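This one's a predicted model, so the numbers in the text were calculated from it and none came from an experiment.
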Amino acid sequence: MFKTLKADLDAVMERDPAARNRAEVFFLYSGFKAVRSHRKANWFLRHNMKFIARWISQRSRHKTGIEIHPGATIGKGLFIDHGMGVVIGETTIIGDNCTIYQNVTLGGTGKDTGKRHPTLGNNVLVGSGAKVLGPFKVGDNARIAAGAVVLSEIPPNATAVGVPARVVKINGIRSETLDQIHVSDPVALALCSLEQKITELKKEIDALKAEKESKK
């Protein structure tokens, strides 16, 4: 228990440049409080005290603005930055050392039964306002850009961008940056490539026209 608590505190200290000391994080950070309350609620749920578990969850929601269902499984070192509007569903599984920003939803599509919510691997970053909906896995070290809507599986070491989200591989290298915005858009890159090709073809056509005119 104390190892998990220390890991949660260390996660905030490492990833939030505004965090000045552990006491401030422990007493004042809503994301840390929400995770701590969830661990209590999850313990009561696992011991078949569902009403108390739900009461702790709802009380935490009113105090922090973060709603985590008691049934969610959360690894160590989760950092919820700011956190207002974060919703984490019942069958969500979150690995170790993940980072989640405000207004993120880890939810279901409404049509699934059983496992209805996503599974995040280790070291996953979910940007502000992103929605991850469905019972699929987001691989280790993946990044989901701010505002993305993810509806299908994301492989490890990849970035999901857009609505619906598209994937950009990062060559199997773990990304250490917490940048949620400056990520490559594969559609934009493809359009730029097409535009360049069209320009080249136009030049070739103009050259052929000029050659034809000179022969006349």
Side-chain angles (χ1 to χ4, degrees), residues 8 11-12 14-19 25 29-39 41-42 57-58 60-110 112 115-156 158-168 175-183 185:
D8 291 342
V12 180
E14 288 169 8
R15 286 173 247 163
D16 187 356
V25 173
Y29 270 54
S30 59
F32 176 79
K33 287 184 175 182
V35 173
R36 193 157 50 98
S37 294
H38 168 73
R39 298 200 191 283
N42 182 257
S57 171
Q58 290 301 298
S60 175
R61 177 196 176 197
H62 289 303
K63 291 177 70 176
T64 66
I66 300 168
E67 182 171 352
I68 308 176
H69 192 284
T73 302
I74 295 178
K76 65 182 181 181
L78 173 63
F79 172 37
I80 302 178
D81 195 6
H82 296 290
M84 180 62 70
V86 167
V87 177
I88 299 175
E90 179 183 12
T91 59
T92 301
I93 300 173
I94 299 175
D96 296 336
N97 303 313
C98 292
T99 303
I100 296 174
Y101 287 85
Q102 66 272 17
N103 276 325
V104 164
T105 300
L106 304 180
T109 61
D112 300 299
K115 181 75 166 75
R116 309 184 303 281
H117 305 102
T119 296
L120 306 188
N122 299 325
N123 309 306
V124 173
L125 181 145
V126 187
S128 175
K131 313 300 176 188
V132 187
L133 307 174
F136 52 83
K137 184 172 182 180
V138 177
D140 294 348
N141 310 315
R143 289 193 300 159
I144 298 172
V149 178
V150 183
L151 301 173
S152 59
E153 185 165 338
I154 304 298
T159 298
V161 182
V163 182
R166 301 171 299 274
V167 169
V168 182
S175 175
E176 299 293 341
T177 179
L178 296 182
D179 189 352
Q180 313 166 60
I181 301 169
H182 299 100
V183 290
D185 186 333

**Q** Under the rule for side-chain contact (heavy atoms from CB on, under 4.5 Å), what residues qualify as partners of Thr109, not counting sequence neighbours?
**A**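 Partners of Thr109 under the side-chain contact (heavy atoms from CB on, under 4.5 Å) test: Lys111, Asp112, Leu133.
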
**Q** Of all the heavy-atom pairs spanning Ile154 and Ala142, show the shortest one and how long it is.
**A**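 Looking at all heavy atoms of both residues, the closest pair is CG2-CB, 4.0 Å.
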
**Q** Any side-chain heavy atom of Leu106 within less than 4.5 Å of one from Ile94?
**A**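 Side-chain contact under 4.5 Å: yes.
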
**Q** With Ala34, which residues qualify under side-chain contact (heavy atoms from CB on, under 4.5 Å), at least two apart?
**A**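 Here the qualifying residues are Ser60, Thr64, Ile66, Ile68.
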
**Q** Test side-chain contact (heavy atoms from CB on, under 4.5 Å) on Ile93 and Lys115 and set out the steps.
**A** CA-CA 10 Å; Ile93 300 173; Lys115 181 75 166 75; 4.0 Å; yes

**Q** Check for a donor-acceptor pair, side chain of His69 on one end and backbone N or O of Gly71 on the other, with a separation under 3.5 Å.
**A**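 Yes: the side chain of His69 pairs with the backbone of Gly71.
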
**Q** Hey, are Asn141 and Asn123 close enough side-chain-wise for a donor-acceptor pair under 3.5 Å?
**A**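 Note: Asn123 and Asn141 side chains meet the donor-acceptor criterion.
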
**Q** Apply the salt bridge (Lys or Arg N to Asp or Glu O under 4.0 Å) test between Asp8 and each candidate in Arg39, Lys33, Arg36, Arg15; give the one that qualifies.
**A**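 Only one option passes, and that is Arg39.
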
**Q** For a quick test of reading the model, state the closest non-hydrogen atom pair linking Val150 to Ala165 and the distance between them.
**A**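 Answer, listing the atom of Val150 first, then Ala165: CG2-CB, 3.8 Å.
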
**Q** Among all residues two or more places apart in sequence or in another chain, which pass the side-chain contact (heavy atoms from CB on, under 4.5 Å) test with Pro70?
**A**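 Expected list: Ala41, Leu45, Ala53, Arg54, Ser57.
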
**Q** To the nearest 0.5 Å, how far apart are CZ in Arg143 and CG in Leu125?
**A**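 Going from CZ on Arg143 over to CG on Leu125, the span is 7.5 Å.
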
**Q** ring-ring contact (aromatic ring centres under 6.0 Å, His included) with Tyr29: which residues, sequence neighbours excluded?
**A**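 Expected list: none.
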
**Q** To the nearest 0.5 angstrom, please state how far the CD1 atom of Ile144 sits from the CG atom of Leu120.
**A**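 One finds 6.5 Å between CD1 of Ile144 and CG of Leu120.
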
**Q** Could you list the residues that satisfy salt bridge (charged side-chain N to carboxylate O under 4.0 Å, His left out) with Arg116, not counting sequence neighbours?
**A**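 Once residues adjacent in sequence are excluded, the partners of Arg116 under the salt bridge (charged side-chain N to carboxylate O under 4.0 Å, His left out) criterion are Glu90.
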
**Q** Asp96 side chain to Gly75 main-chain N or O, any donor-acceptor pair under 3.5 Å?
**A**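 No, Asp96 side chain to Gly75 backbone: no donor-acceptor pair under 3.5 Å.
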
**Q** Not counting sequence neighbours, list each pair that qualifies as a salt bridge (Lys or Arg N to Asp or Glu O under 4.0 Å) and has a residue in residues 60-85.
**A**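 Listed by first then second residue: Arg61-Glu67.
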
**Q** Between His117 and Gly108, which heavy-atom pair has the shortest distance, and what is it?
**A**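 Where His117 meets Gly108 most closely, the heavy atoms are CD2-N, 3.2 Å.
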
**Q** Under the 3.5 angstrom rule, does the side chain of His38 hit a backbone N or O of Ile74 as a donor-acceptor pair?
**A**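 Absent.
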
**Q** Looking at every non-hydrogen atom in both residues, tell me the closest pair between Phe136 and Ser152 and how far apart they are.
**A**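 Smallest heavy-atom distance, with atoms named: CE1-O, 3.4 Å.
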
**Q** Give me the atom names and distance for the closest heavy-atom approach of Ala158 to Pro155.
**A**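 That would be CB-O, 3.5 Å.
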
**Q** If we only count heavy atoms from C-beta on, is the Pro164 to Val149 side-chain gap below 4.5 Å?
**A**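 They are not in side-chain contact.
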
**Q** Looking only at non-hydrogen atoms, find the nearest pair between Gly121 and Lys137 and report the distance.
**A**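 For Gly121 and Lys137, the tightest heavy-atom pair comes out as CA-CE, 4.4 Å.
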
